[in-house]
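Taking it in order: structure first as structure tokens, then the write-up.
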Amino acid sequence: MDEEIHERIRDMIKAIPRGRVATYGDIADLAKAPSPRLVGRILNEDGRDLPWQRVLKADGTCAPHLRETQLQLLHEEGVPNLDGKVNLRDHRWEDVRKDEAAEPPGLW
DNA sequence: TGGATGACTTACC
DNA sequence: AGGTAAGCCATCC
């Protein structure tokens, strides 16, 4: 059902930890959404109560109309950005989870 | 029914 | 590194 996806997408976004980010594609994947476009649409109409600032495009940039606000909020959360682009390698939610699970403790 | 649109992605050049 | 094109899914006209 569409409602299911809708809800799951919102839950996934809510689940993004502070100081971390995820791409639309990641959310779509985790929420089993058929397309990243759906994630964008959800945020557009129902993103008021969500940490929408933690959702970025695949290249680490954010949507044009939000750029200013987005970067500001992320910066306040402790997510640095370089000329409007966030380093996904260091702050991407999915990647970090994977690394933390696979990385031997104490290595870093 | 068919085409246009959007807080997207990937591939190619 | 930056531009274009095609694919993508739900919605609206």
Side-chain angles (χ1 to χ4, degrees):
Chain A
M1 327 262 285
D2 272 5
E3 303 294 331
E4 293 272 334
I5 304 289
H6 188 109
E7 215 170 308
R8 238 180 353 236
I9 289 177
R10 290 195 322 195
D11 284 344
M12 290 314 306
I13 296 175
K14 282 186 201 161
I16 303 174
R18 190 173 184 276
R20 298 276 167 76
V21 299
T23 68
Y24 292 89
D26 288 342
I27 301 299
D29 192 30
L30 292 169
K32 305 292 191 290
S35 161
R37 284 200 177 278
L38 205 36
V39 178
R41 198 175 70 78
I42 300 298
L43 278 168
N44 185 26
E45 21 181 83
D46 206 6
R48 293 162 289 281
D49 58 333
L50 300 174
W52 54 268
Q53 61 234 29
R54 295 172 193 155
V55 183
L56 306 177
K57 296 210 255 184
D59 57 0
T61 63
C62 44
H65 48 284
L66 299 168
R67 208 175 68 84
E68 309 280 333
T69 314
Q70 183 73 69
L71 296 175
Q72 167 96 24
L73 289 171
L74 284 178
H75 181 64
E76 289 177 6
E77 285 195 356
V79 180
N81 61 86
L82 194 55
D83 197 30
K85 294 159 203 130
V86 173
N87 185 336
L88 292 179
R89 269 254 304 197
D90 293 342
H91 297 93
R92 192 179 195 175
W93 185 33
E94 246 319 271
D95 278 2
V96 174
R97 294 168 84 201
K98 192 169 43 181
D99 285 351
E100 282 180 357
E103 203 72 38
L107 184 58
W108 63 305

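Every chain is numbered from 1, with letters handed out A, B, ... down the list of sequences.
- The same ILVMFWY cluster, assembled from side-chain heavy atoms under 4.5 Å apart, contains both A:W52 and A:M12.
- Considering only the side chain of A:P34, C:dA10 comes nearest among C:dA10, C:dC8, B:dA7.
- When each of C:dC8, B:dT9, B:dA7 is scored by its nearest atom to the side-chain atoms of A:P36, the top-ranked nucleotide is B:dT9.
- Annotation: B:dA7 and C:dG2 have their P atoms spaced 23 Å apart (nearest Å).
- Spacing between atom OH of A:Y24 and atom P of C:dC9 amounts to 19 Å, rounded to whole angstrom units.
- Atom pair A:D29:CG and C:dC8:C1' shows a separation of 15 Å (rounding to whole Å applied).
- Protein atom CD1 of A:I27 is 11 Å distant from nucleotide atom P of B:dT9, rounded to whole Å.
- A:D83 has its CG atom 11 Å from the P atom of C:dA1, to the nearest Å.
- Nucleotide C:dA10 holds its P atom 10 Å from the CD1 atom of A:I9, rounded to whole Å.
- Taking atom CG of A:N44 as the reference point, atom P of B:dA7 lies 5 Å away to the nearest angstrom.
- There is no side-chain donor-acceptor pair under 3.5 Å between A:Q72 and A:E68.
- Here the closest non-hydrogen pair linking A:R54 and A:Q70 is N-NE2, 3.9 Å.
- Atom CD1 in A:I42 sits about 12 Å away from atom C1' in B:dA7, given to the nearest Å.
- Put simply, CD on A:E45 is 13 Å from C1' on C:dC9, counting in whole angstrom units.
- In terms of heavy-atom proximity, A:T23 sits nearest to A:V55 at C-CG1, 4.4 Å.
- For C:dT11, one of the phosphate oxygens OP1 or OP2 lies less than 4.0 angstrom from a side-chain nitrogen or oxygen of A:R41.
- Nearest to the side chain of A:L38, among B:dA7, B:dT9, C:dA10, sits C:dA10.
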